[in-house]
Amino acid sequence: MFMTRRFFLFLLTFICLSGTAVQAAGSDKLTKLQAEMLQLMSTPDRDKFLEVTEHIKSECSKLGNERVFYTAWGNQSTYEATHQDYVKAEEIAGQIADYALEQNSYWGQYIAMHTRAVNALQKQDYQTAEDLFIKAVDFRHKYFPLESAGDDLQELMKIANHRKDQKAGLKYAHLILNEPNVAPIHKGRALFRISQFAFNKNNKELFDSIYNALAELKKSDGIGTIEPVVEVNYQILNGNYDEALRLCQDLAPESRAERMAVIYHRKGDDAKAYEYMAKFKKINDSIVLVSHGNVVNSCYVQMNNERMKLEQKMLEEENSGLKRIIFYIILGVIVVALAAAVWVHRQRIKLLERENAKLEKARKQAEKAFDMKNEFITNITNELRAPLNPIQGLSDILGTKEYELQADEREQLSSLIKSSSKSITKLIDELAELSLYESKKSLPVNYTLSPNHICRHMVDSFRNRCNPGVRMFFETDLSDAYVVETNQEALETLLRHLLENAVQYTEKGVITVACTEYGDMIRTSVTDTGKGIEPERREHIFDSFREMGENVKLVGLGLSVCKVIAKLLGGDIWYDPDYQEGTRFVFEIPIKKN
């Protein structure tokens, strides 16, 4: 698992580095080649992968794009290491280092070091990997002083944690926080590691300061919600054990059992604490629980002693009672045996009936799931093929030497390719959003906010995206001081999808966002004067990939995402059939979620 996460983080790092250079160069062709390279990274098609990476290197040489050039070359080495050809991987890394030295390229020398460190991790040679990452950090500090070495330091922090070297892990975490221009994701992981140390040491003051820093980071840089385990630890240290138990339901099974053992121990319920400690041990297949240092370890020892005392007491009681009941056991053994046989027989019959019913239900569910899977695969394939076909065709035209394109023709073809690429990106983003929210049982209520402020902000953000001649307004019956308790990120996502639909399908007229109080709910509507939706298709607008009039897709999965979010927020969303001048969507969320 450690190596898998490391590998994908490495790919993400190279994507980020490559993406910056490609954007500066303005080369859509290079972007497409990079995407193809990363798709081939984990496949056995070595020849195709090398062909694509060599093509990238050739294009970068023409464009003078040094960073993407060495990144693609480094990926060739990583590909060999991923497929366990470590000799070939090291040979390529050496070629990169020699060429970079010959060309006096500091970036190329850094990539050679970074690649060798990654390859060492692939071999689980942690000592070599650590030495190389340290050299990479020093090298980057020396030649790129204004850039963060957070990615290399984060790998060093992970290696230290893998070795259970808490001191080294904390050292690297603090170094990440002191990096110039450190990425929010790296800063967040460093803060998370320090918060774990503070919790293990039961240092509430330090933990609260880290918790506030994580909350501020989320607010200022938008890197996502605070990890559930941090929220649970926060509640434990502040004595909110019932809330901590509730939040434990969002944790992975092993973390859930571990935290619940600590909570029940602190509550004084050692029997329950021992039960969950045993579950944790079983899940992790370990003898001694060490996840929280001395706090959890002493908790386990104490509970184990209590268990032994309880078992000894029960044994003494059984020996004493055995003398009193042995006579009755001998007399009643025949009657009990007969009764037990009859009871067991009946229970077996009932059990078989229940199991048969469960199997039948499971069979039907499996058939339904299979049909849904096939339908989804068909829909997603069609949805992706639609923008991919013009990209392929237009790219072939651009690459045809015999056909000389005029400047306006080339600009038009480039615009069509970009539009299709945006459609694919939007579909993938919405698919990721739908998967994220459908995987959640609930959303944390993490903000008390004004509906007016968030709606006004979203309207201001989308006003400039309207078609020429379209006006956008915000109307409200509420005062700006009126607030609700909800999840801000989810609410903004819901509004964003509704406004994107309105902007896309309104060519003239007005788009209006309105807010009002309705009982114990806040009702918000998004109204436009666009083409509207045909009556026979309205019942399917919240389904995935339903075709609307003239084969126009209703923004992919956007409304499906809206439906899931509305339910998670404790409300609902619907299409208003009484509005006849265009389209109106209405959603409600509770003022205060229970």
Side-chain angles (χ1 to χ4, degrees), residues 6-7 9-25 30 34 37-38 41 49-50 53-82 85-123 125-159 172 175-176 178-183 186:
R6 174 62 193 86
F7 174 67
L9 181 60
F10 170 72
L11 288 182
L12 181 60
T13 301
F14 276 145
I15 292 172
C16 295
L17 295 173
S18 302
T20 302
V22 170
Q23 185 176 5
L30 196 56
Q34 288 179 274
M37 172 185 67
L38 294 173
M41 194 74 179
F49 177 83
L50 292 177
T53 50
E54 288 298 325
H55 196 174
I56 292 175
K57 291 166 62 180
S58 175
E59 288 296 318
C60 288
S61 296
K62 297 176 184 176
L63 298 172
N65 195 328
E66 178 190 43
R67 294 205 170 193
V68 179
F69 174 89
Y70 284 106
T71 297
W73 200 353
N75 275 343
Q76 290 182 351
S77 176
T78 302
Y79 178 94
E80 301 297 346
T82 302
D85 191 346
Y86 302 116
V87 174
K88 184 65 175 178
E90 184 60 26
E91 178 183 347
I92 296 174
Q95 292 171 357
I96 297 174
D98 294 340
Y99 183 81
L101 192 61
E102 178 184 335
Q103 298 297 317
N104 197 27
S105 170
Y106 294 132
W107 182 255
Q109 293 174 53
Y110 164 75
I111 287 294
M113 266 184 282
H114 184 88
T115 300
R116 280 174 165 156
V118 171
N119 294 345
L121 276 182
Q122 295 284 355
K123 295 190 291 185
D125 184 355
Y126 299 116
Q127 185 58 56
T128 301
E130 182 179 25
D131 294 340
L132 288 169
F133 276 125
I134 291 174
K135 290 181 180 179
V137 170
D138 294 337
F139 189 91
R140 198 160 184 175
H141 283 162
K142 180 178 180 180
Y143 295 104
F144 306 97
L146 299 181
E147 295 184 12
S148 169
D151 46 355
D152 296 300
L153 287 169
Q154 180 169 279
E155 297 310 310
L156 287 167
M157 183 175 69
K158 287 183 178 180
I159 293 172
Y172 292 128
L175 288 175
I176 290 173
N178 293 327
E179 279 295 288
N181 302 315
V182 62
H186 296 152

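What you are looking at is a predicted structure, and each value in this text was computed from that prediction instead of being measured.
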Show the numbers, then the answer: is there a ring-ring contact (aromatic ring centres under 6.0 Å, His included) between Tyr110 and Phe139? CA-CA 7 Å; Tyr110 164 75; Phe139 189 91; 7.0 Å; no
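- Crowding of Lys57 atom NZ: a count of heavy atoms from other residues, nucleotides or ligands under 6.0 Å exceeding 12.
- Note that CD1 of Ile176 and CG of Leu156 are 8.5 Å apart. Values are rounded to the nearest 0.5 Å.
- The NZ atom of Lys135 sits 16.0 Å away from atom NE2 of His114, with the distance rounded to the nearest 0.5 Å.
- Side-chain atoms of Tyr86 and Glu80, non-hydrogen and from C-beta on, never get closer than 4.5 Å to each other.
- Annotation: the span from Leu38 atom CG to Thr53 atom OG1 amounts to 11.0 Å, rounded to 0.5 Å.
- A side-chain hydrogen bond (donor to acceptor under 3.5 Å, both in side chains) with Ser77 holds for exactly one of Asn119, Thr115, Asp85; it is Asn119.
- Phe69 and Trp107 have their aromatic ring centers separated by at least 6.0 angstrom.
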Please assess Leu121 against Phe133 for the test side chain to side chain contact (heavy atoms under 4.5 Å, CB included), listing each intermediate value before the final yes or no. CA-CA 10 Å; Leu121 276 182; Phe133 276 125; 3.7 Å; yes
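- Once rounded to the nearest 0.5 Å, the distance linking OG of Ser58 with CG of Leu30 reads 10.5 Å.
- In terms of the side-chain contact (heavy atoms from CB on, under 4.5 Å) criterion, residue partners of Leu175 (sequence neighbours excluded) are, by chain and number, Leu153, Lys171, Tyr172.
- Considering only heavy atoms from C-beta on, Asn75 comes within 4.5 Å of Phe49 through its side chain.
- Aromatic ring pairs are classed by plane angle as parallel below 30°, tilted from 30° to 60° and perpendicular above 60°; the pair Trp73 and Tyr70 is parallel.
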Using the rule given for side chain to side chain contact (heavy atoms under 4.5 Å, CB included), can you reason through Cys60 versus Glu66, listing the C-alpha separation, both sets of side-chain angles and the distance that settles it, and then say yes or no? CA-CA 7 Å; Cys60 288; Glu66 178 190 43; over 6 Å; no
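- Contact record, Asn181 with Leu146: ND2-O, 2.6 Å, taken as the closest heavy-atom pair.
- Minimum interatomic distance between Ile159 and Glu130 (heavy atoms only, all atoms of both residues): CD1-N, 4.1 Å.
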Please lay out, stage by stage, how Arg67 and Glu147 fare under the test salt bridge (charged side-chain N to carboxylate O under 4.0 Å, His left out). CA-CA 14 Å; Arg67 294 205 170 193; Glu147 295 184 12; 2.6 Å; yes
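- Taken from CD1 in Ile56 to CD in Glu59, the straight-line distance is 9.5 Å, to the nearest 0.5 Å.
- Note: Gln76 CD to Ile96 CD1 = 7.5 Å, rounded to the nearest 0.5 Å.
- Listed here is the closest heavy atom pair of Ala93 and Arg116: CB-CG, 3.6 Å.
- What you find for Ala100 and Gly108 is that their closest heavy atoms are CB-C, 3.4 Å.
- With respect to the salt-bridge test (charged N to carboxylate O, under 4.0 angstrom), the residues Arg140 and Asp151 qualify.
- Tyr143 and Tyr106 have parallel rings, their planes meeting at less than 30° on a 0 to 90° scale where 60° marks the start of perpendicular.
- Across all their heavy atoms, Ala149 and His141 have their closest contact at CB-NE2, 3.9 Å.
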What's the verdict on side chain to side chain contact (heavy atoms under 4.5 Å, CB included) for Val68 and Asn65, showing C-alpha distance, side-chain angles and the deciding distance? CA-CA 6 Å; Val68 179; Asn65 195 328; 3.4 Å; yes
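- When all heavy atoms of Ile111 and Gly74 are compared, the closest pair comes out as CG2-CA, 4.3 Å.
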